[in-house]
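Worksheet: one structure, shown below.
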Amino acid sequence: MKIVHTLADLRLALTDSAHPAFVPTMGNLHAGHLDLVTRAKALGDCTVASIFVNRLQFAPHEDFDSYPRTLEADAEQLRAHGCDLVFAPSERELYPQPQTFKLLPDPALADILEGHFRPGFFTGVCTVVMKLFQAVFAGKAQGTAVFGQKDRQQLMVVRHMTEQFALPIRIVSGPTQRAADGLALSSRNVYLSASERAEAVQLSLALKALGQAVRASGSPALPDLLALEQQAMHALSARGWKPDYLTVRRQSDLLPPTPTERATGALVALGAARLGSTRLIDNLDI
Ligand code: PAF
């Protein structure tokens, strides 16, 4: 496995690859990332992972500075999982000038849920993903990029961007990987204290219960759906969480379902909530 830090070295290392399979990450890798790498291995002729903590997708009050940077341990794990090439650029390499030119994703998808609570987040994600796609796939007739379903809205935004710019890149998703108790694996789980870690699974349990309540209520009128969502948020708040949202949406576009869809449509329960100072997100198909 090769580790490169510059765009020039990345391109050189990819000279003989006709169809790279790429897993973009911000590092501090866990089994969820490694599962994406394993999937990527079957989808291209060179498996590439990037490790870059992207300042553009963090608001000034968020955890950019404290985000765990663990390049050596990450590289070890990537090597053990058969990754061929790691791209770990410096900020200066990826953003040699302040990045004033940015990609503005469709607000219908990018300004709701995560985008509502983290304004500008998806602009930062799209801008860096487009840069990384250029770096990995430029000059290639086709390529594959693999994203995790845990960041469900991100996966959809990136898919939409890839379609709208007609990029010759197939976007493949990997299922959320969970700890034995059901907590979705996340790089931010390392922030949790022991007692918070024991509590953290309650987010996915709350989403599961919300999904079941929505299905069990047949096709409730809109206020009833909102009431169920409010109840779910209050229940988490009562345990000491600070929820941003717990909601049931259509899988297709993350908009609220119609009454018929509430009963029988393809739905997803999504949530984001803060436990202590750690913000966790999760989603479950229902
Ligand atoms: O999901 C992530 O880790 C990041 O948002 C990504 C896609 C690597 C862009 O910085």
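Just so you know, ligand 1 is whichever comes first in the structure, and atom 1 is the first atom listed for that ligand.
- The shortest side-chain heavy-atom distance between F87 and I51 does not fall under the 4.5 Å cut-off.
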In a simple table, one pair per line, please give the protein and ligand 1 atom names for every N or O pair closer than 3.5 Å, along with the distance.
residue  : atom   : partner : partner atom : Å
ligand 1 : 1 (O)  : Q154    : NE2          : 2.8
ligand 1 : 5 (O)  : Q57     : NE2          : 2.9
ligand 1 : 5 (O)  : Q154    : OE1          : 2.7
ligand 1 : 10 (O) : Q57     : OE1          : 2.7

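- For E196, there are no salt bridge (Lys or Arg N to Asp or Glu O under 4.0 Å) partners two or more places apart in sequence or in a different chain.
- Listed by chain and residue number, E76 satisfy the salt bridge (Lys or Arg N to Asp or Glu O under 4.0 Å) test with R79 (two or more places apart in sequence, or in another chain).
- Between F137 and F133, the ring planes are perpendicular. Angles over 60° get that label, and only those under 30° would be called parallel.
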Indicate every side-chain donor-acceptor pair of residues 34-46 with a distance under 3.5 Å to a residue at least two apart or in another chain.
residue : atom : partner : partner atom : Å
D35     : OD2  : R39     : NE           : 2.8
D35     : OD2  : R39     : NH2          : 3.4
D35     : OD2  : Q177    : NE2          : 3.3
T38     : OG1  : L34     : O            : 3.0
K41     : NZ   : G82     : O            : 3.0
D45     : OD1  : S17     : OG           : 2.5
D45     : OD1  : H19     : N            : 3.3
D45     : OD2  : A18     : N            : 2.8
D45     : OD2  : H19     : N            : 3.2

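- For S90 and E93, the side-chain atoms include no donor-acceptor pair closer than 3.5 Å.
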